[in-house]
Amino acid sequence: MNSPALFRKICASLVRGATLACVLTSSGAGQASGPKTITLDEAIQMAVQHNHNMLAMMTTIQQAEAEEITANLRPNPTLFADWEYLPLGAPAHQNPNLYPNVSTNDYLNNNTEGDIGLSYLIERGKKRQHRLQAAKDITAQTRSLVADDERGLTFNTASLFVNVQLAESTIELAEKDLKSFQKTVDLGELRYNKGAISEDDYLKIKLQLLQFETDYQQAELARAQALSDLRQLLGYESVSADYDVAGPFDYEPLNGNLEDFQLKALQNRPDLRAAQQGVTAARSLYELQKAIGKQDVTVQGNYSHVNGLNAANFLGSIPLPIFNRNQGEIARTRFAITQAQEQEKATNGQALTDVRDAYEGLRVSDRIVQLYRSGYLDVAQKDRDISEYAYQRGAVSLLDFLDAERNYRATQLAYRQALASYLLALEQLRQAVGSRALP
């Protein structure tokens with residue numbers, strides 16, 4: 001410590017270490033930021049706010065608004081100036097016969113021409129107003145298209161959320177079955193050691209345990225992948241790596257008839273609204289092209305200094321619409337109106353079809369879930385319990401007991417899958433209607 005150089009070196013090392021610790025702490029805090037548990041509504045809100053593809057689509061609205069600024073701009077005036085017949089040397093030296101004893105200043109004043117002027121294009125037919133209206137109509141349509149992308153993102157988020165819930169419910173079932181059957185294996189081992197069952201029966205029981213362990217591992221994998229996919233959709237940086245979902249994974253009865261759902265779809269679907277706005281935008285473009293067919297006037301004013309005289313000139317010009325009257329674009333945009341109208345009709349029919357398909361799918365899924373809940377789950381549970389009780393007392397064979405165990409596991413898993421299908425069908429209907437609040 002007596003060496004100043006050594007002291008400075010130790011201090012520098014301490015500073016670097018402290019700085020590195022701060023950086024690592026800050027980085028770790030950044031990675032751990034974000035909610036730990038999210039509900040379905042929170043997941044949808046986060047996806048809309050943080051999904052990068054959605055954020056990229058939202059910029060199209062800002063781009064369309066910038067186009068409105070461009071459409072509303074007036075033409076710039078044109079400023080021009082010239083000075084002609086400037087001598088490249090003293091006029092008296094270049095041509096003494098024509099300009100004897102004429103100074104350069106006198107020559108510039110009396111024998112050159114200088115002009116300065118301003119011209120401006122006057123747009124006829126209210127072109128600027130039509131350009132602005134067309135741009136505004138396109139912006140309105142863009143907003144609806146972005147809203148339709150949000151509708152699709154909402155459905156995808158809800159679908160992945162249900163997948164996570166299904167995986168976690170499957171894990172719960174697998175863990176419960178694994179613990180329950182482990183007791184059967186332990187009892188089987190005890191009975192085998194006492195000679196109550198054969199080695200073959202004991203091995204069959206142990207092999208059945210492998211299926212439960214495999215189910216559990218597969219359910220863990222499905223949960224991890226579903227959470228990872230959902231995180232990507234929510235915005236990778238918006239949630240922590242160890243986040244989880246929260247919410248009921250249960251049957252939600254839905255009231256309402258097909259006509260009510262279809263009526264609400266016609267009122268709420270953003271793609272249908274975008275198609276209707278497309279017709280309006282097509283008409284605006286048609287009016288703009290008709291305005292473009294009207295010829296613009298260019299006016300011009302000049303100040304000239306010629307041969308010692310000051311003069312003013314005023315000019316005006318307009319193209320003669322003999323050949324080009326913008327006939328092609330007028331005809332094209334007229335047909336584009338028909339195209340937009342047909343697309344609106346197609347979108348209207350597609351919306352009604354989507355609602356009908358989703359409604360029928362929900363009805364079938366509802367009936368399947370109701371079948372399980374009407375008693376089949378209890379039957380599978382009771383059959384397994386009876387078989388287990390009877391097997392432990394030697395009343396039924398091992399194969400009968402294992403078959404009842406497999407039937408119970410298959411029934412429980414099928415019910416969870418049917419429930420997930422029902423919830424997905426419900427989300428499909430919400431997407432088809434264009435609203436999460438169903439009548």
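As the structure is a prediction and not an experimental result, all values here were calculated from the model. Note that these values count all heavy atoms, side chains included, but never hydrogens, waters or copies made by symmetry.
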### Summary
Of all heavy-atom pairs linking G125 and H130, the shortest is O-CD2, 3.4 Å
### Query
Between R143 and E65, does a salt bridge (Lys or Arg N to Asp or Glu O under 4.0 Å) hold up when you go through it step by step?
CA-CA 10 Å; R143 287 195 180 94; E65 290 173 342; 2.7 Å; yes
### Query
Without hydrogens or angle criteria, can the side chains of D215 and Q211 be said to hold a donor-acceptor pair below 3.5 Å?
yes
#### Entry: Donor-acceptor contact below 3.5 Å, side chain D383 vs main chain V379
no
### Task
Identify the residue among N156, V164, N163 that makes a side chain to side chain contact (heavy atoms under 4.5 Å, CB included) with L230.
V164
### Whether over 12 other heavy atoms sit under 6.0 Å from F80 CZ
yes
### Query
Would you call D378-R373 a salt bridge at under 4.0 Å N-O?
no
### Task
Go through the steps to decide whether E168 and R223 satisfy the test salt bridge (Lys or Arg N to Asp or Glu O under 4.0 Å), and finish with yes or no.
CA-CA 6 Å; E168 292 186 343; R223 176 182 180 273; 3.0 Å; yes
### Summary
dist L108:CG -> H305:NE2 (nearest 0.5 Å) comes out at 9.5 Å
### Task
Measure the spacing between CD1 of I138 and OG1 of T60 and express it to the nearest 0.5 Å.
12.5 Å
### Message
Does R334, at its CZ atom, have more than 12 non-hydrogen atoms belonging to other residues, nucleotides or ligands within less than 6.0 Å?
### Response
yes
### Query
Is there a donor-acceptor pair under 3.5 Å between the side chain of Q327 and the backbone N or O of F323?
yes
### Message
Could you report the tightest heavy-atom contact between L413 and L173, atom names first, then the distance?
### Response
N-CD2, 3.8 Å
### Task
Start with the C-alpha gap between Y303 and N310, add the side-chain angles, then the distance that decides, and say whether side-chain hydrogen bond (donor to acceptor under 3.5 Å, both in side chains) holds.
CA-CA 7 Å; Y303 163 76; N310 296 319; 2.7 Å; yes
### Task
Taking all non-hydrogen atoms of both residues into account, name the closest pair between A265 and V355 and its distance.
CB-CG2, 3.5 Å
### Query
Do D244 and K36 sit within salt-bridge range, that is, some charged N less than 4.0 Å from a carboxylate O?
no
### Query
Sub-3.5 Å donor-acceptor pair from the side chain of Q94 to the main-chain atoms of P87, do we have one?
no
### Query
What's the verdict on salt bridge (Lys or Arg N to Asp or Glu O under 4.0 Å) for E172 and K176, showing C-alpha distance, side-chain angles and the deciding distance?
CA-CA 6 Å; E172 181 184 357; K176 179 181 176 181; over 6 Å; no
### Message
What verdict does the side-chain hydrogen bond (donor to acceptor under 3.5 Å, both in side chains) test give for Q289 and T333, after you've listed the backbone C-alpha separation in whole Å, the side-chain angles of each residue and the deciding distance to 0.1 Å?
### Response
CA-CA 8 Å; Q289 293 303 325; T333 51; 5.9 Å; no
### Query
If you measure from CG on L132 to CG on D137, what distance do you get to the nearest 0.5 Å?
9.5 Å
#### Entry: Cationic N near anionic O, under 4.0 Å, K179 to E175
yes
### Message
Counting neighbours of OH on Y376 that are heavy atoms of other residues, nucleotides or ligands and sit closer than 6.0 Å, is the number greater than 12?
### Response
no
### Query
Rounded to the nearest 0.5 Å, what separation is found between the CG atom of L288 and the OH atom of Y286?
12.5 Å
### Task
Identify whether the distance between the nearest side-chain nitrogen and carboxylate oxygen of D148 and R269 falls below 4.0 Å.
no
### Query
Is it true that a side-chain atom of Q295 and a backbone atom of G293 form a donor plus acceptor pair closer than 3.5 Å?
yes
### Query
Any sub-3.5 Å donor-acceptor pair from N51's side-chain atoms to G235's backbone N or O?
no
### Query
Of the non-hydrogen atoms in A282 and A336, which two are nearest, and what is the gap between them?
CB-O, 4.0 Å
### Message
So, taking the atom named CD in Q62 and the one named OG1 in T139, what distance separates them when rounded to the nearest 0.5 Å?
### Response
11.5 Å
### Electrostatic pair E427:R436 at N-O distance under 4.0 angstrom
yes
### Message
Between D260 (side chain only) and G256 (backbone N and O only), is there a donor and an acceptor less than 3.5 Å apart?
### Response
no
### Task
Mark yes or no for whether Q412, through its side chain, and R409, through its backbone, hold a donor-acceptor pair below 3.5 Å.
no
#### Entry: Test side-chain contact (heavy atoms from CB on, under 4.5 Å) applied to N313 and S304, step by step
CA-CA 8 Å; N313 299 318; S304 301; 3.4 Å; yes
### Task
Would you mind telling me which of L352, V433, N257 makes a side chain to side chain contact (heavy atoms under 4.5 Å, CB included) with Q262?
L352
### Query
Nearest heavy-atom pair of S284 and A134: which atoms, and what distance?
CB-CA, 3.7 Å
### Task
Begin from the C-alpha positions of S103 and N105 and carry the test side-chain hydrogen bond (donor to acceptor under 3.5 Å, both in side chains) through to its verdict.
CA-CA 5 Å; S103 66; N105 289 337; 5.4 Å; no
### Message
Closer than 3.5 angstrom, by distance alone: can the side chain of S228 be matched with the main-chain N or O of A224 as a donor-acceptor pair?
### Response
no
### Query
Should the pair Y359 and F261 be assigned to parallel (<30°), tilted (30 to 60°) or perpendicular (>60°) ring geometry?
tilted
### Task
Please check if the side chain of D296 supplies one atom and the backbone of R124 the other of a donor-acceptor pair under 3.5 Å.
yes
### Query
Do the numbers put R231 on top of the ring of Y236, so that NZ or CZ is under 6.0 Å from the six-membered ring centre and no more than 45° off the axis?
yes
### Task
Might you work through the side-chain contact (heavy atoms from CB on, under 4.5 Å) test for I368 and Y415, ending with a clear yes or no?
CA-CA 9 Å; I368 293 175; Y415 169 68; over 6 Å; no
## Note on the structure
Residues W83 and T112: closest non-hydrogen pair is NE1-OG1, 3.1 Å
### Query
In terms of side-chain heavy atoms, does Q225 have a donor or acceptor partner in D229 at a distance below 3.5 Å?
no
#### Entry: Pair Q232-H52, side-chain donor/acceptor within less than 3.5 Å
no
### Task
Working to the nearest 0.5 Å, report the span between CG of L160 and CZ of F155.
9.5 Å
### Task
Determine whether the side chains of N348 and Q350 contain a donor N or O and an acceptor N or O closer than 3.5 Å.
no
### Query
Would you find a donor on one side and an acceptor on the other, under 3.5 Å apart, between the side chain of S365 and the backbone of L362?
no
### Task
Begin from the C-alpha positions of D366 and Y251 and carry the test side-chain hydrogen bond (donor to acceptor under 3.5 Å, both in side chains) through to its verdict.
CA-CA 9 Å; D366 181 83; Y251 173 70; 2.4 Å; yes
### Query
With respect to E123, which candidate in R128, R74, R131, K294 satisfies the salt bridge (charged side-chain N to carboxylate O under 4.0 Å, His left out) definition?
R131
### Task
Assess whether side-chain contact (heavy atoms from CB on, under 4.5 Å) is satisfied between Y216 and T170, documenting all intermediate values.
CA-CA 8 Å; Y216 182 79; T170 305; over 6 Å; no
## Note on the structure
With S435 as partner, the option from K264, R430, R151, Q267 fulfilling side chain to side chain contact (heavy atoms under 4.5 Å, CB included) is K264
### Query
How far apart are the C-alpha atoms of E329 and I292, what are their side-chain angles, what is the distance that settles it, and do they pass the side-chain contact (heavy atoms from CB on, under 4.5 Å) test?
CA-CA 9 Å; E329 285 301 302; I292 291 176; over 6 Å; no
